[in-house]
Amino acid sequence: MNNSKIAEIFNKMADILEIEEENPFRIRAYRRAAQTIENLSGDILQYVKEDSLVKLPGIGEDLASKIKEFLKTGKIVSYEKLKKKVKPVLLDMLDIPGVGPKTARLLYERLKIRSLAELHAKARAHKISGLPGVKDKTEENILKGLDFLKKDIGRMRLDVAFITAQYIVSELKKLPEVIEISPAGSLRRMKETIRDIDILVTSKENEKVMDAFVKLPNVGNIIAKGATKSSILTKNNIQVDLRVVSPDSYGAALMYFTGSKAHNIRMREMASKMGLKINEYGVFRVKGNKKIAGKNESEIFSLFNMPYIEPELRENTGEIEMALHGKLPKLVELKDIKCDFHVHTEDSDGVLSLEEIAKIAKKKGYKYVIISDHSVSLKIAGGLSEKRLLNEIENIRNFNRNSKDIKLLAGSEVDILEDGSLDYSNVILEKLDFVIAAIHSGFRQSKDKLTTRIVKAMKNRYVNLIAHPSGRLIGQRTAYELDYERIFSVAKETGTAVEINAYPERLDLTDVNCKRAHELGIKLAIGTDAHLEGQFDNMIYGVSVAKRGWVEKKDLLNCLTVEELKEFVECKRRC
DNA sequence: GCCGTTTTCGGCCCGACTGTTTTCAGTCG
């Protein structure tokens with residue numbers, strides 16, 4: 001994807017400029033542009049075609065021309081020139097926690113370091129201590145930092161962060177000194193991956209809270225401990241930052257630590273134009289330093305004539321403008337969900353019976369569930385032969401005759417074969433209440449071929465939903481490339497929905513593609529892809545993707561009654 | 001490099017912690 005490549009180049013350019021001790025605001029401009037591009041919904045090529053690059057925040061004439069140059073020639077000449085200015089090892093050193101441009105330059109110039117391996121050797125031989133401003137502690141921290149890199153501690157999946165945070169929050173809640181507590185940061189914004197966990201506490205006795213925090217049973221290492229901020233590494237090497245503020249700063253601190261950075265910068269810019277200043281303690285008049293808000297987030301937003309902005313939207317991707325114009329979407333909530341669209345039974349690779357699934361769904365407050373076992377070709381997952389599928393349909397009909405609260409709909413996760421045909425005949429598909437189609441093989445085909453496969457499936461009148469379209473597994477398998485504009489346009493034309501798969505490894509569609517689908521009026525449906533009872537809980541992650549994608553109730557099939565859903569299916573079949 | 005109810009030039013978000021100092025630079029978020 002062009003977006004991520006260009007964002008990466010702008011970030012690298014910022015790194016180089018930082019080492020070169022260039023104007024910090026110029027460096028920030030590159031980083032800001034990179035962030036804007038990363039968060040775009042849709043390929044940046046679209047903006048070039050519409051000649052609207054310079055309308056994007058942080059992109060002016062110069063960066064726009066660099067983007068166009070990249071799209072035309074595959075490179076940016078000024079970047080190629082910059083790269084020649086610094087040795088690669090300097091950029092590598094920036095990846096070490098605690099090492100910034102100043103330290104990297106010092107190490108490079110004084111010790112002639114040429115690789116991270118060399119740096120490791122020098123640190124172990126105590127050759128770093130003694131440099132100006134460097135003593136044993138810094139040397140030790142460089143070794144720790146290198147170790148951290150080796151362990152390849154990148155970003156963790158949302159569910160891992162969510163569960164870890166839940167544990168820490170529940171432990172800290174037990175302290176009488178803790179008044180309020182909330183996760184913050186990218187976890188509160190429910191990003192698909194999280195770098196570290198931020199937790200905010202209000203208290204009047206900071207030290208007691210900090211002491212208890214660094215002594216939690218799952219703490220492996222204390223990185224820093226202060227009066228208002230401490231950081232630890234858990235035994236599983238997850239970094240957790242705890243901030244403690246007084247109760248009258250809760251809203252300001254929560255806003256500040258929730259971010260995103262880009263969102264906060266916009267808020268601060270607006271404040272500064274009004275003669276105000278926002279920090280984690282509150283909103284203050286610059287003249288006289290009088291505090292005028294800070295206790296909760298809503299009062300801060302309303303100071304700027306904005307309604308409350310949900311954390312999932314705070315990415316500076318238009319939410320502030322929409323809020324100012326009173327046009328924020330009314331985001332879907334977990335409580336709006338009436339159905340899980342993607343569930344496997346013991347008939348294919350799940351472990352649950354129809355009765356057990358219905359029981360779980362009832363507990364969740366759902367009205368119906370779509371049973372969607374695998375189709376015949378997916379042998380490894382116990383794909384159902386036509387005969388077994390017909391038998392399952394019969395069992396579902398029988399179950400429904402005796403079930404008042406919960407209805408089960410006969411569905412299937414039908415394989416889209418390598419030529420784009422489906423794994424069951426239309427005669428069989430017609431007997432189902434709802435048909436999900438998905439790709440499970442031939443991932444290495446070209447972008448065009450894969451897109452055509454999905455398009456062909458969508459054009460079948462019995463196919464209602466395309467499951468996990470990109471095939472990605474976060475941290476394990478990259479998404480295959482698809483032409484989403486083409487897929488969305490056919491989805492719209494044929495009345496086919498697209499899935500948000502709530503499996504934490506998948507979260508596919510992504511939030512960015514969801515936002516594009518929402519803009520185009522494409523119907524979406526969240527499925528947990530549950531094979532076990534616990535996996536029904538993953539619905540929260542699917543809803544969070546939907547919220548990050550600006551999805552409203554009207555966009556989401558999960559919010560329909562069973563009758564409305566049947567009408568959705570019939571509508572496509574009639575056409 | 002971006003951007004405009006303070007501005008087409010001169011600003012650009014703000015604060016905490018660490019390690020080194022003895023008042024602060026570097027790094028981070």
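Just the heavy atoms: all of them, side chains too, but no hydrogens, waters or symmetry mates, feed the values below. Within every chain, numbering begins at 1; the chains are lettered A, B, ... in the order of the sequence lines, protein sequences first and strands thereafter.
- The nearest whole Å value for the distance from the CZ atom in A:Arg26 to the P atom in B:dG1 is 4 Å.
- Atom P of nucleotide B:dG1 and atom CG of A:Leu53 are separated by 16 Å, given to the nearest angstrom.
- In this structure, CD1 of A:Ile265 is placed 10 Å from P of B:dC14, rounded to the nearest angstrom.
- Between A:Tyr541 and A:Tyr503, the distance from one ring center to the other does not fall under 6.0 angstrom.
- To the nearest angstrom, P of B:dG29 lies 13 Å from CZ of A:Phe257.
- A:Ala227 comes within 4.0 angstrom of the backbone, heavy atoms only, and of no base.
- Residue contacts for A:Asn23: at a heavy-atom cut-off of 4.0 Å it reaches a base atom on one of the strands shown.
- Pair assignment for B:dT18: B:dA25, on the basis of Watson-Crick or G-U wobble contacts that are both within less than 3.5 Å.
- Going from atom CG of A:Leu17 over to atom P of B:dC2 covers 13 Å, rounded to whole Å.
- When A:Arg155, A:Arg157, A:Arg506 are each tested for a side chain to side chain contact (heavy atoms under 4.5 Å, CB included) with A:Ile474, only one passes: A:Arg157.
- Here A:Arg243 lies in heavy-atom contact (under 4.0 Å) with sugar-phosphate atoms only.
- Cation-pi contact between A:Arg314 and A:Tyr308: present, with separation from the ring centre below 6.0 Å and deviation from the ring axis of at most 45°.
- Within the 4.0 Å cut-off from OP1 or OP2 of B:dG15, not a single side-chain nitrogen or oxygen of A:Thr228 is found.
- Rounded to whole Å, the distance from NZ on A:Lys137 to P on B:dT18 is 10 Å.
- Between A:Met267 and A:Met255, the closest side-chain pair of non-hydrogen atoms falls below 4.5 Å.
- Comparing A:Tyr30 and A:Lys273 against DNA chain B, the residue whose closest nucleotide sits nearer the 5' end is A:Tyr30.
- Of the candidates B:dT18, B:dG26, B:dC14, B:dG26 carries the atom nearest the A:Lys102 side chain, counting heavy atoms from C-beta on.
- In this structure, the CE atom of A:Met267 is 18 Å from the C1' atom of B:dG29, given to the nearest Å.
- Open room surrounds CD on A:Glu61; 12 or fewer heavy atoms of other groups in view lie less than 6.0 Å from it.
- Nucleic acid contact class of A:Thr103 (heavy atoms, under 4.0 Å, all strands): sugar-phosphate only.
- We find that CG of A:Leu233 is positioned 14 Å from P of B:dC28, with the value rounded to whole Å.
- A:Lys225 comes within contact range of the sugar-phosphate backbone alone, with a heavy-atom separation under 4.0 Å but no base atom that close.
- With respect to the salt-bridge test (charged N to carboxylate O, under 4.0 angstrom), the residues A:Glu69 and A:Lys72 do not qualify.
- As judged by a 4.0 angstrom heavy-atom cut-off over every strand, A:Pro24 is placed among residues making no nucleic acid contact.
- The residue A:Tyr281 sits close only to the backbone: its heavy atoms come under 4.0 Å of sugar-phosphate atoms, none of a base.
- Within 4.0 Å of A:Ile27, counting heavy atoms only, lies no atom of the nucleic acid at all.
- Comparing A:Ala29 and A:Gly133, the nucleotide of DNA chain B nearest to each residue sits closer to the 5' end for A:Ala29.
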